[in-house]
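Notes follow the structure.
All ligand and atom numbering here is 1-based and tracks the order in the structure.
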Amino acid sequence: TGSTRPQRLLRAVQKNATQGDPQSVINAIDHFCRHKEWAMNVGDEKGSILDSVVSEVNPSTALELGTYCGYSTVRIARLLPPGSQLITLEFNPAYAAVAKQVIGWAGLQDKVQLVEGPSGDLIPQMKDLFGVQSFDFVFLDHWKDRYLPDAKLLEECSLLRKGSVLLADNVICPGTPEYLEYIRNSPRYESRYFKSHLEYTKVEDGLEKSVFLG
Ligand SMILES: O=C(NCCCCc1cc2cnccc2s1)c1cc(-c2ccc(F)cc2)cc(O)c1O
Ligand SMILES: [Mg+2]
């Protein structure tokens with residue numbers, strides 16, 4: 001039984017990145033995905049947009065839906081102010097196991113809570129499990145047909161407050177048409193589209209930033 005792509009990605013991080021240096025972890029993953037094997041990380045181009053939104057929001061509590069190998073987890077966590085927390089949900093235990101090691105290699109484990117399971121079950125438990133009142137920032141990067149139901153679930157569970165920012169990956173490719181339709185037409189959100197490209201390719205993709213108005 002050979003290795004999986006996430007395991008090969010982790011080996012590239014352990015070989016080429018410096019422990020405790022998040023930027024070197026990011027660079028190692030981008031190099032691996034551009035020159036060795038494509039993987040569904042948000043990537044460097046969309047990652048820079050993610051960085052600018054996270055820096056602008058400067059969240060105390062952040063939620064990531066879809067950890068995968070932890071690339072965007074590291075991008076977000078490295079920018080968080082001291083004392084803030086990022087909760088990241090992953091459905092696939094094999095992905096979660098790799099992500100935990102990538103996050104650890106970056107030295108960001110104290111800022112990150114990695115939780116395994118489906119978002120639909122876990123979101124209603126956020127207050128009880130982690131004592132979260134509300135999220136200042138949410139990065140949606142999981143099943144594309146779960147973006148809409150989970151945005152509604154966050155509202156219903158009072159996990160969003162006036163000014164909370166949702167940032168959604170892949171709104172063009174693979175695409176999240178129902179989510180875009182809802183969020184762009186809802187009076188409860190102010191949305192903006194950041195045109196970019198599918199990670200490590202020339203294919204169009206983009207991020208949708210939506211501010212909850214309360
Ligand atoms: O599927 C994508 N991401 C989701 C996979 C995670 C599943 C989870 C479900 C779940 C449920 N609950 C909690 C946690 C989680 S994690 C994805 C796919 C592409 C892509 C792939 C092929 C292609 F040709 C073009 C684009 C690009 C991307 O940037 C992606 O993000
Ligand atoms: Mg994505």
Side-chain angles (χ1 to χ4, degrees), residues 4-10 26 29-30 32-34 36-54 62-77 86-100 102-103 112-126 129-130 132 135 137-154 156-157 159 165-180 183 193-210:
T4 65
R5 179 169 307 184
Q7 285 170 330
R8 293 192 292 273
L9 181 149
L10 171 61
I26 292 163
I29 293 172
D30 284 331
F32 176 81
C33 293
R34 199 172 282 287
K36 299 284 190 312
E37 297 184 63
W38 186 90
M40 60 181 172
N41 318 116
V42 74
D44 49 350
E45 190 180 312
K46 289 187 289 179
S48 298
I49 300 165
L50 170 63
D51 288 358
S52 61
V53 174
V54 172
L63 174 66
E64 176 179 59
L65 303 176
T67 316
Y68 188 42
C69 295
Y71 174 89
S72 48
T73 319
V74 167
R75 288 202 81 112
I76 296 166
L86 169 60
I87 296 169
T88 183
L89 309 188
E90 179 48 56
F91 179 72
N92 180 317
Y95 292 172
V98 166
K100 206 181 286 288
V102 168
I103 295 158
V112 178
Q113 299 258 15
L114 174 49
V115 191
E116 289 177 40
S119 52
D121 297 353
L122 290 171
I123 287 170
Q125 299 179 56
M126 283 294 121
L129 282 177
F130 301 104
V132 167
F135 290 109
F137 177 80
V138 182
F139 183 52
L140 297 92
D141 193 20
H142 61 327
W143 288 320
K144 307 316 164 193
D145 60 2
R146 283 297 313 180
Y147 283 26
L148 180 52
D150 286 345
K152 291 181 172 174
L153 194 52
L154 287 164
E156 284 152 22
C157 297
L159 284 165
V165 171
L166 303 185
L167 188 65
D169 189 25
N170 310 118
V171 297
I172 304 300
C173 177
T176 63
E178 298 82 10
Y179 175 78
L180 277 188
I183 210 93
Y193 175 63
F194 292 80
K195 184 178 161 78
S196 184
H197 295 93
L198 177 68
E199 48 267 27
Y200 317 113
T201 78
K202 293 184 167 45
V203 173
E204 181 178 345
D205 190 19
L207 301 171
E208 187 82 2
K209 176 193 171 191
S210 305

inquiry  = Check R146 with D150, please: is the shortest side-chain N to carboxylate O separation under 4.0 Å?
reply    =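 Salt bridge: yes.
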
Looking at [atom], what's its closest protein heavy atom, distance included?
atom	result
atom 29 (O) of ligand 1	E199 OE2, 2.6 Å
atom 21 (C) of ligand 1	W38 CH2, 3.8 Å
atom 10 (C) of ligand 1	F91 CB, 3.6 Å
atom 5 (C) of ligand 1	M40 CE, 3.7 Å

request  = Check which protein N, O or S atoms are less than 2.8 Å from the Mg ion (ligand 2) and report how many there are.
outcome  =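 Excluding waters, the total comes to 3.
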
Give the contacting part of [X] toward ligand 1: side chain, backbone, both or neither, where contact means a heavy-atom distance below 4.0 Å.
X	answer
N170	side chain
D169	side chain
L198	side chain

key: N/O separation below 3.5 Å, E90 to ligand 1   =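 No.
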
query = Restricting to pairs with a member in residues 166-176, which pass side-chain hydrogen bond (donor to acceptor under 3.5 Å, both in side chains), not counting sequence neighbours?
reply =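 Pairs touching residues 166-176 that pass the test: K46-D169, K144-N170, N170-D205.
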
Sub-4.5 Å side-chain heavy-atom contact between [X] and [Y]:
X	Y	value
K100	I103	no
C69	E90	no
V102	I29	yes

task = Kindly compute the distance separating CG (D44) from CZ (R34), expressed to the nearest 0.5 Å.
result =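 Reported to 0.5 Å precision, the distance equals 4.5 Å.
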
Under-4.0 Å heavy-atom contact between protein and atom 24 (F) of ligand 1 =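 False for atom 24 (F) of ligand 1.
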
ask   = A151 and L166: which non-hydrogen atoms are nearest, and at how many Å?
value =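 The pair with the smallest heavy-atom distance is CB-CD1, 4.3 Å.
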
Of all the heavy atoms in [X], does at least one lie under 4.0 Å from an atom in ligand 1?
X	answer
R146	no
G117	yes
D141	yes

Residue pair N92 / Y68, side-chain donor-acceptor N/O under 3.5 Å =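 Looking only at side-chain atoms, Y68 and N92 do not form any donor-acceptor pair under 3.5 Å.
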
key: Listed partners of F91 passing side-chain contact (heavy atoms from CB on, under 4.5 Å), at least two apart   =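 Scan of F91 (side-chain contact (heavy atoms from CB on, under 4.5 Å), adjacent residues dropped) gives P118, W143.
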
ask   = Listed by chain and number, what are the side-chain contact (heavy atoms from CB on, under 4.5 Å) partners of P177, not counting sequence neighbours?
value =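 P177: no side-chain contact (heavy atoms from CB on, under 4.5 Å) contacts found.
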
